[in-house]
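Remarks on the structure that follows.
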Amino acid sequence: MTEQIGVKQFGRVVRIPTATGFGVGDINSYVILPEKNSRQLVLIDTGVGSEDAWQTLAAGLRDFGFGIEDITLLLLTHGHTDHYGQAGRIRAVSGCQVWAHEAINLTLSRYLPSAEREAQERSFLATLGFNPEDYDRAYSYRDYIQRLMTPCEFDHLLCDGETVPIKGFELRAVHTPGHCPEELIFWQEQTRQMFSGDHLLPEITPVCLLDIPETPGIQRTRTLIQYYQSTDKIKPYAATAIYPSHGDVFHDHLELIASYRLSTERRLLKISRILSEHGAMTPLEVGKKLFPKVWQEQLYPVISEIMGHLDMLEEGGHVACEEQEGRLYYTLTSVPEPG
């Protein structure tokens, strides 16, 4: 659980945390205050679609002389409920433009899957060791989060490197997939400020959510590997302040990325030891051993973590994967070297 850090102003940037009801704690929405004689009020991420979050966001804006109705542009780092949940209501009240990455509809379509999509998910997860009850448990959160979202149409779909025109505070949208396909950070070059979404979090290691392809037989995205490609992409940015979606502002993203790498290496070694002790295992069997206390309550993030690390072990030549009777089994072939 992240510490409650409160509303705070950083020059033209205002942070307004709102409660999510999730284990991640509060979600930070950021406001870009308008220049003098300008009416351009920009909001980055919305909070969940609850009345409490709405009132908290409204109160935070009032502290600076604005209301939700004054928002002219809403930018989304990605489409998860705590970032997108109030978008439809905000747009209805303010008439603002809503901009997000062009892959966002891929994530949104998975909150309320079609019968065909659900069948694909069940079939795919069965190969990882899931039974029907495991599937129901893994996605039991869907009904809840749908109640916390008010969808809306998007006025513009951003692509990597595109400029967001904000008077005196132009932002660059940088595509950083891994946590989800559409994750964006926003970069302000002159002030060297970065809005890192869920890509960089000072108190939580981002979960790179498992990709289940829309079409059977299509190669899935190896999201943890993709995530580290995205971190490599933003290493050159000489940021002086990073504003995350959860937790307090921080100032050294290189140190944070190095800590993520260390955590990943430790988990790779733990999984290697599990496979060494037990022989060929399905991913779900590995998850039960690595997360014995929480695997049932957090099945989707658990299987996402396991598959991400198995992907890295497989890419490094440390595990072999074989299908047996419709299930995938992983076997250790060598232990990765630390560091």
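Note: hydrogens, waters and symmetry copies are ignored here, and every other heavy atom, side chains too, is used. Here the structure is a predicted model, which is why all the values come from computation and not from measurement.
Of the residues listed (L76, D82, L75), the one engaging D45 in a side chain to side chain contact (heavy atoms under 4.5 Å, CB included) is L76, and it is the only one. The ring pair (Phe, Tyr, Trp, His ring centres under 6.0 Å) test with H199 singles out one residue from Y260, W187, Y227, F186, and that residue is Y227. Put simply, the residue from V98, L57, T150 that forms a side chain to side chain contact (heavy atoms under 4.5 Å, CB included) with I90 is L57.
For H309, there are no ring-ring contact (aromatic ring centres under 6.0 Å, His included) partners two or more places apart in sequence or in a different chain.
We find that D248 and R15 are joined by a salt bridge, their nearest charged nitrogen and carboxylate oxygen being less than 4.0 Å apart. For the pair K233 and D160, the salt-bridge criterion is met [side-chain N within less than 4.0 Å of a carboxylate O]. Of the charged side-chain nitrogens involved, at least one lies within less than 4.0 Å of a carboxylate oxygen, so that D211 and R110 count as a salt-bridged pair. Salt-bridge check for R220 with D311: passed, with a basic side-chain N closer than 4.0 Å to an acidic carboxylate O. Ion pairing between R137 and E297 fails under the 4.0 Å rule for side-chain N and carboxylate O. With respect to the salt-bridge test (charged N to carboxylate O, under 4.0 angstrom), the residues E121 and R117 qualify. A salt bridge links R267 to E305: one of the charged nitrogens lies within less than 4.0 Å of a carboxylate oxygen. A salt bridge links E189 to R172: at least one charged side-chain nitrogen sits closer than 4.0 Å to a carboxylate oxygen.
Donor-acceptor pairing under 3.5 Å is recorded for the side chains of T107 and E182. No side-chain donor from either of T333 and H318 sits under 3.5 Å from a side-chain acceptor of the other.
Around CD of Q324, the count of heavy atoms belonging to other residues, nucleotides or ligands within 6.0 Å exceeds 12. Heavy-atom contacts from other residues, nucleotides or ligands closer than 6.0 Å to CD of E51 number more than 12.
Of the possible donor and acceptor atoms, none in the side chain of H179 sits under 3.5 Å from a partner among the backbone N and O of D198. A donor-acceptor pair under 3.5 Å is formed between the side chain of S230 and the backbone N or O of P177. Side-chain atoms of S276 do not come within 3.5 Å of backbone N or O of S272 as any donor-acceptor pair. A donor-acceptor contact shorter than 3.5 Å links the side chain of E162 to the backbone of C159. Without hydrogens or angle criteria, S245 side chain to G197 main chain gives a donor-acceptor distance under 3.5 Å. No donor-acceptor pair closer than 3.5 Å links the side chain of T20 to the backbone N or O of I27.
Taking the six-membered ring for Trp, H175 and H101 have ring centres closer than 6.0 Å. Centroid-to-centroid, the aromatic rings of F10 and Y243 come within less than 6.0 Å. Between F154 and Y84, the ring centre distance stays below 6.0 Å.
Using cut-offs of 30° and 60° on the angle between ring planes, the pair H78 and H83 is tilted. Ring geometry for Y135 against Y139 counts as tilted: the plane angle lies between 30° and 60°, on a 0 to 90° scale.
Across all their heavy atoms, L41 and P34 have their closest contact at CD1-CD, 3.6 Å. Considering every non-hydrogen atom in both G317 and S334, the closest pair reads O-OG, 3.6 Å. The two residues S263 and T205 have their closest heavy-atom pair at OG-OG1, 4.4 Å.
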Legend entry - Derivation of the side chain to side chain donor-acceptor pair (under 3.5 Å) call for Q193 and T191: CA-CA 6 Å; Q193 293 171 294; T191 58; 2.7 Å; yes
Inset, instruction - In sequence, state the C-alpha distance, the side-chain angles, and the governing distance for Q120 and E118, and then conclude on side chain to side chain donor-acceptor pair (under 3.5 Å). - result: CA-CA 5 Å; Q120 291 169 354; E118 181 176 326; over 6 Å; no
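Cluster membership for L184 and I166, using ILVMFWY side-chain heavy atoms within less than 4.5 angstrom, is shared.
Stacking of R122 on the aromatic ring of F130 is not recorded, the 6.0 Å distance cut-off and the 45° axial limit not both being met.
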